[in-house]
Protein chains: 2
Amino acid sequence: MTETPLSIPIDRSSPVPLYFQVAQELERRITSGELAVGTRLENELVLAERLGLSRPTLRRSIEYLVDRGLLVRKRGVGTQVVMPRVRRPLELSSLYDDLSRAGEHPRTEVLRLAVEAPPDAVAASLEVDPGTEVYVLERLRYARDEPLALMHNYLPVGLVDLDEGKLAHQGLYQLLRAAGVTLKIASQSIGARNATAAEARVLDETRGAPLLTMERTVYDDVGRVVEVGSHVYRASRYSFELTLTD
Amino acid sequence: MTETPLSIPIDRSSPVPLYFQVAQELERRITSGELAVGTRLENELVLAERLGLSRPTLRRSIEYLVDRGLLVRKRGVGTQVVMPRVRRPLELSSLYDDLSRAGEHPRTEVLRLAVEAPPDAVAASLEVDPGTEVYVLERLRYARDEPLALMHNYLPVGLVDLDEGKLAHQGLYQLLRAAGVTLKIASQSIGARNATAAEARVLDETRGAPLLTMERTVYDDVGRVVEVGSHVYRASRYSFELTLTD
DNA sequence: GTCAATAGTTTGTCTAGACATAATTACCTA
DNA sequence: TAGGTAATTATGTCTAGACAAACTATTGAC
């Protein structure tokens, strides 16, 4: 129930929007514990005046953090700090990015890279006519020198130029973003099955070992399908971590 | 590249906020296909005047739909309809709700309902002291008269009163919501393993059959842990569908 | 013909203030 | 004392307008 007078420096000459400067600084203080859970913020009028901002601008900062689950507002009551534990609702990240961040030293072996007509089901997911040629990519992902996942990707040609060299050192999504593609939304399906003999051999498992399967279709900001992936992960080494909101 | 003059009736006497009336109607027209993908909206000034709203209010409507991935804005260019395919980023729903919606006639068999001290790991997830008594719940979920999942749940006492009768006919989350608990955020981990003999027997699978595992911790709007779940699903009958954004 | 400067269009940010509505608190009456 | 009513406080919604920045297309110069 503490209520701290809040002081945040604002740089009006910065290209960073004012509301975002405030939001960022608030987020930092909350996640760092500087603003403890349960702390009540001063009311918007006072806060706006103290920071030298208009109320709409200040409200926009707070709204941003409310959306992300760091603050709770109640009309007639006030605004309170809730959770430092929250991460993003869910990130559109690739396995490579995740592993890099976790310091797992990912490595990728490109087993196949071709331009050819994919299976009809994949063509349908890609929303191209059956028989259309697309990038077909088969990769083996290692973490700490152990095989982790066998990945099949399909991409329309023309978005990005792929070659083995680039793919060995960068994640596919990094390459897409670098090519100016804005990944916007993906739909995934996560399931499980037992490893076939061939999969077991590649992944250094035994036949029948449990595998996690993931099918993913990724769309960009204008609604184009930019990638279809069909991957299997060793369940003994990997699990999906998610955070849901609402 | 079509550009339609947009006409939306607005009820100023309604308690529904104006920006939301507009957002809802726009969403309906987009998902129904009435506003086709690629359609460009008129610019905000014109649109605001046509609808008799101020620009900030109109902008708020549009912002709502941009956040949900139905519209894209580009400065200097305009606002365009993108995807009718998007659903919510990801819903905090329970298996029971999902199945009901899908018309799968879910049924629940309560195998155990007790108040006792949970394993220490669960107590830690629940953020209660080891040895604290909590609800311990073991259930078998059927869909279309076939066993689908074996579910273990742990809840702090005092939030909701549980009894077998209620649990047979309603999902756990429905009961929580009815008790005034606002589910806000959950962190999940999805993995896979092979079925033990006991699990296989209960789930009508064979020993070694692939199972999807899910561990979930749910928090309410003020940051309390309200449920910890540890579930296994028959991979032959179930997969997780997700939509990621950003 | 090509490239750069420029003008026009459209969204992005910000301000100042008005009124509405929900939650709480204080008070006053029965 | 108990009850409801009124005042208070805070967020929610909305308006009207200003200026900034990004993108497009056109125009002009070489």
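In what follows, every chain begins at residue 1, and chains take the letters A, B, ... in the order their sequences are listed.
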**Q.** Between dT13(C) (P) and Glu63(A) (CD): distance, integer Å
**A.** 13 Å
Q. Is there a side-chain contact between Val226(A) and Leu155(A), using heavy atoms and a 4.5 Å cut-off?
A. no
Q. Going by number, which of residues 51-60 of chain B have a non-hydrogen atom under 4.0 Å from DNA chain C?
A. Arg55(B), Arg59(B)
**Q.** Point-to-point distance, once rounded to the nearest 0.5 Å, from CG of Leu70(B) to OG1 of Thr31(B)
**A.** 7.5 Å
Q.
Does a side-chain N or O of Arg73(A) approach OP1 or OP2 of dG12(D) to a distance below 4.0 Å, or not?
A. yes
Q.
Distance check needed: dT10(C) C1' versus Leu71(B) CG, whole Å only.
A. 15 Å
Q. When we call it a touch if two heavy atoms are under 4.0 Å apart, what does Leu18(B) touch: a base, just sugar-phosphate, or nothing?
A. sugar-phosphate
Q | Rounded distance in Å - CD (Gln80(B)) to P (dT24(D)) | A | 11 Å
Q.
Counting only heavy atoms from other residues, nucleotides and ligands, does the tally under 6.0 Å from CD of Glu34(A) exceed 12?
A. yes
Q: Could you tell me the separation between the NE2 atom of His231(A) and the CZ atom of Arg141(A), rounded to the nearest 0.5 Å?
A: 9.0 Å
Q) For Asn43(B) and dA22(D), what is the distance between atoms CG and C1' respectively, to the nearest whole Å? A) 15 Å
**Q.** Interatomic distance where CG belongs to Asp11(B) and P belongs to dC14(D) [whole Å]
**A.** 12 Å
Q. Any side-chain N or O of Arg12(A) less than 4.0 Å from the OP1 or OP2 oxygen of dT15(C)?
A. yes
**Q.** Residues Arg28(A), Glu25(A): salt bridge by 4.0 Å N-O rule
**A.** yes
Q) Think Tyr19(B) has a side-chain N or O under 4.0 angstrom from the OP1 or OP2 of dT13(D)? A) yes
(Q) Is any side-chain heavy atom of Phe240(B) closer than 4.5 Å to one of Met214(B)? (A) yes
(Q) Without decimals, in angstroms, what is the distance between Glu49(B) CD and dT15(D) C1'? (A) 14 Å
(Q) If I take atom CD1 from residue Ile62(A) and atom CD from residue Glu44(A), how far apart are they, to the nearest 0.5 angstrom? (A) 5.0 Å
Q) Any idea which of dT24(D), dT11(C), dC14(D) is nearest the Leu45(B) side chain? A) dT11(C)
Q | Along DNA chain C (nearest heavy atom to each residue), the more 5'-positioned of Thr79(B) and Val77(A) | A | Thr79(B)
Q. Could you give the CG-to-P distance, from Leu41(B) to dT11(C), as a whole number of Å?
A. 9 Å
**Q.** Length of the CD-P vector between Glu44(B) and dA20(D), whole Å
**A.** 18 Å
Q: Identify, between Val16(A) and Arg75(A), the residue whose nearest nucleotide on DNA chain C lies closer to the 5' end.
A: Val16(A)
